[in-house]
2 protein chains.
Amino acid sequence: MPTGVFPVVGRAPRDPGSLCPDMAKRRSELESFVLGLVWQTGPTSAYGIRRQLQASPSTQWSASAGAIYPLLQRLERAGLLKGRALKHGKRRRREYEITPLGLSELRAWIGPPLGDTAVSVAYDPLRSRARFLGALPAGDRAAWTDAAGAALDEVGRRVREWSETIEGEDPFLKLVTRQGELELQARAAWLTELKSLIRK
Amino acid sequence: MPTGVFPVVGRAPRDPGSLCPDMAKRRSELESFVLGLVWQTGPTSAYGIRRQLQASPSTQWSASAGAIYPLLQRLERAGLLKGRALKHGKRRRREYEITPLGLSELRAWIGPPLGDTAVSVAYDPLRSRARFLGALPAGDRAAWTDAAGAALDEVGRRVREWSETIEGEDPFLKLVTRQGELELQARAAWLTELKSLIRK
DNA sequence: CCGCTCATGTAACTGGTTACATGATTTA
DNA sequence: TAAATCATGTAACCAGTTACATGAGCGG
């Protein structure tokens, strides 16, 4: 079966480094994103990273300890991060900073050029469900759009709340929040079209 | 660490069925989506499902055989699908159809009520990268937005191409395509804002 | 002193990925 | 007849998930 035209996002392919040691391993989206967070807010700890991921409206990752701690260890082994242990009273703590190699890999991930997994139609679970609205009894469909509208409003509220917590930070971070809002508006507009299709 | 307010999408939690046999196992997004595809286009084969996933602009999944074949087997074991082997000449073929139990689980997945993973800010790898534009030398940022704009145009073209292939099909499927277009428009508008921020 | 949050990790598991194997059918 | 596609599957692997363990510090 030939491969499709739309590349899959997120997964890291097999490590070619075992065969060609000087070839950089392709990183997963989460790895690269965390690398960016360490660049932006470092020096920081695994716990700090988890808190940032958790606070963010992006629901792609759970920010679970089982993901983040080994991930930072991997990035340190690969030389993209430099970690150091420190003691705060009786408390051990491990802080990470980005290395020059890490920064160059971060820049390569950001682009340009954009990797082929960087641009795609974003996955939206609401859209997936809407695709099968025909499977619902016709009488239930209006209730679905109502529920979807309410849920979108709720998400919008949370995004606005979150955007207030990042006042005065990096202008690009703010623009990203703005994108979340624009996206939600587009989805709300689409829901309106969907409602009128159902009433017909 | 307390759990965040934004639930993670896509993963299926541990099977509670081993403890309470009458409790339905929570399905992953892919499982539910494929269930929907079988409902919509069934009776169909694993290969047919793969082709549909591959043709679709959604890049969440690779439609790999290693994902789809075991998935259909799982759904059949769970009683959501009914499969039957048939022979076309010398060729064996396995076709699946949705069962009444499968349809009720599909409806439960669609909602209402919407599950807490159904509505979220969609994950967008382009947005993730934009968040860290500050890590690029200032002179490279305009090139990034140019590349992003070109890539979005390209995706838009492919989505329009795809939407032409589904002429005359289910109206909800068409609306879903429409949503993809609206989303891309919103992202293009956002890029414009981003460009003016960078020129400043 | 109890419970909550801070903080660092490990262990078991699993869904989906890449890669491979096999053979039938169609097309150049 | 060679190459491409149709079609069904399996095997090894791995990133990220859930769940657990451990202990420090802190407020009531």
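Naming: A, B, ... by sequence-line order, numbering from 1 per chain.
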Student: How many Å lie between OH on B:Tyr123 and P on D:dG16, as a whole number?
Tutor: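 Nearest whole value for this atom pair: 10 Å.
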Student: Take atom NZ of A:Lys87 and atom P of C:dT8, then tell me their distance rounded to the nearest Å.
Tutor: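 Whole-Å distance recorded here is 14 Å.
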Student: Which comes earlier along DNA chain D counting from the 5' end, the contact point of A:Lys90 or that of A:Ile68, where each point is its nearest nucleotide?
Tutor: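 Nearest-nucleotide comparison on DNA chain D picks A:Ile68.
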Student: Does a side-chain N or O from B:Arg91 land closer than 4.0 Å to OP1 or OP2 of D:dT5, or not?
Tutor: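 Checking D:dT5 against B:Arg91, no side-chain N or O comes under 4.0 Å of OP1 or OP2.
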Student: Is there a side-chain contact between B:Arg27 and the phosphate of C:dG15, meaning an N or O under 4.0 Å from OP1 or OP2?
Tutor: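 No, B:Arg27 has no side-chain N/O under 4.0 Å of OP1/OP2 on C:dG15.
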Student: From OH of A:Tyr69 over to C1' of C:dA12, roughly how many Å is that when rounded to an integer?
Tutor: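 Atom-to-atom, A:Tyr69 to C:dA12, this comes out as 19 Å.
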Student: With a 4.0 Å limit, can you tell me whether B:Gln73 has a side-chain N or O closer than that to the phosphate oxygens OP1/OP2 of D:dG9?
Tutor: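 Indeed not, no polar side-chain atom of B:Gln73 lies that close.
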Student: Tell me whether B:Glu183 is salt-bridged to A:Arg187, with the criterion being a basic N under 4.0 Å from an acidic carboxylate O.
Tutor: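 A:Arg187 and B:Glu183: not salt-bridged.
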Student: Does D:dT17 have OP1 or OP2 under 4.0 Å away from a side-chain N or O of A:Ser64?
Tutor: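 So the side-chain polar atoms of A:Ser64 do come within 4.0 Å of the phosphate oxygens OP1 or OP2 of D:dT17, strictly under.
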Student: How many whole angstroms separate atom CH2 of A:Trp61 from atom C1' of C:dG16?
Tutor: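 So the CH2-C1' distance, A:Trp61 to C:dG16, works out to 17 Å.
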Student: Mind calculating the distance between CG (A:Leu53) and P (D:dT17) to the nearest angstrom?
Tutor: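 Checked: the CG to P distance equals 10 Å.
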Student: As a test of reading the structure: which of D:dT10, D:dT17, C:dT10 is closest to the side chain of A:Pro70, going by heavy atoms?
Tutor: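 Nucleotide nearest to A:Pro70's side chain: C:dT10.
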Student: Would you please confirm or rule out a distance under 4.0 Å between OP1 or OP2 of C:dT17 and any side-chain N or O of B:Ser62?
Tutor: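 Yes, such a contact exists.
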Student: Going by atom types only, do A:Glu29 and B:Ser128 share a side-chain donor-acceptor pair under 3.5 Å?
Tutor: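 The criterion, which ignores hydrogens and geometry beyond distance, is not satisfied for B:Ser128 and A:Glu29.
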Student: For the pair B:Arg92 (side chain) and B:Lys87 (backbone), establish whether a donor and an acceptor sit closer than 3.5 Å, ignoring hydrogens and angles.
Tutor: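 Here the side-chain-to-backbone pair does not exist.
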Student: Mind telling me whether B:Phe132 and A:Trp109 have parallel, tilted or perpendicular rings, with 30° and 60° as the class edges?
Tutor: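 Rings of A:Trp109 and B:Phe132: tilted, as their planes differ by 30° to 60°.
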Student: Starting from C1' on D:dG16, measure out to CZ on A:Phe33 and report it in whole angstrom.
Tutor: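 So the two atoms are 16 Å apart, to the nearest Å.
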Student: State whether B:Arg92 places a side-chain N or O below 4.0 Å from either non-bridging phosphate oxygen (OP1 or OP2) of C:dT25.
Tutor: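 Checking B:Arg92 against C:dT25: no side-chain N or O falls below 4.0 Å of OP1 or OP2.
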Student: Does the side chain of A:Ser45 get closer than 4.0 angstrom to OP1 or OP2 of C:dT8 through an N or O atom?
Tutor: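 So the side chain of A:Ser45 is within the cut-off, an N or O lying under 4.0 Å from OP1 or OP2 of C:dT8.
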Student: Would you call the rings of A:Phe33 and A:Trp61 parallel, tilted or perpendicular if under 30° counts as parallel and over 60° as perpendicular?
Tutor: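 Plane angle between 30° and 60°, so tilted.
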Student: Is the distance from OP1 or OP2 of D:dT8 to the nearest side-chain N or O of B:Tyr47 less than 4.0 Å?
Tutor: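 No, outside the criterion.
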Student: Expressed as a whole number of angstroms, how long is the span from B:Gln60:CD to C:dG15:P?
Tutor: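 After rounding, the gap between these two atoms is 16 Å.
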Student: Is A:Glu95 touching bases, backbone alone, or none of the nucleic acid, heavy atoms closer than 4.0 Å?
Tutor: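 Counting heavy atoms under 4.0 Å across all strands, no contact is made by A:Glu95.
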Student: Does the side chain of B:Arg50 get closer than 4.0 angstrom to OP1 or OP2 of D:dC6 through an N or O atom?
Tutor: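 No, no such contact exists.
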Student: DNA chain C: B:Leu71 or B:Ala65, which has the more 5' nearest nucleotide?
Tutor: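 Its nearest nucleotide being more 5', the pick is B:Leu71.
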Student: Is the distance from OP1 or OP2 of D:dC6 to the nearest side-chain N or O of B:Gln54 less than 4.0 Å?
Tutor: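 False: B:Gln54 side-chain N/O out of range (4.0 Å or more) of D:dC6 OP1/OP2.
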Student: Evaluate the salt bridge (Lys or Arg N to Asp or Glu O under 4.0 Å) criterion for residues B:Glu31 and B:Arg74: first the C-alpha distance (whole Å), next the side-chain angles of each, then the deciding distance (0.1 Å), finally the verdict.
Tutor: CA-CA 9 Å; B:Glu31 282 174 326; B:Arg74 281 198 306 271; 2.8 Å; yes
Student: Tell me the interatomic distance from A:Arg51, atom CZ, to C:dT8, atom P, rounded to whole angstroms.
Tutor: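 Nearest whole value for this atom pair: 11 Å.
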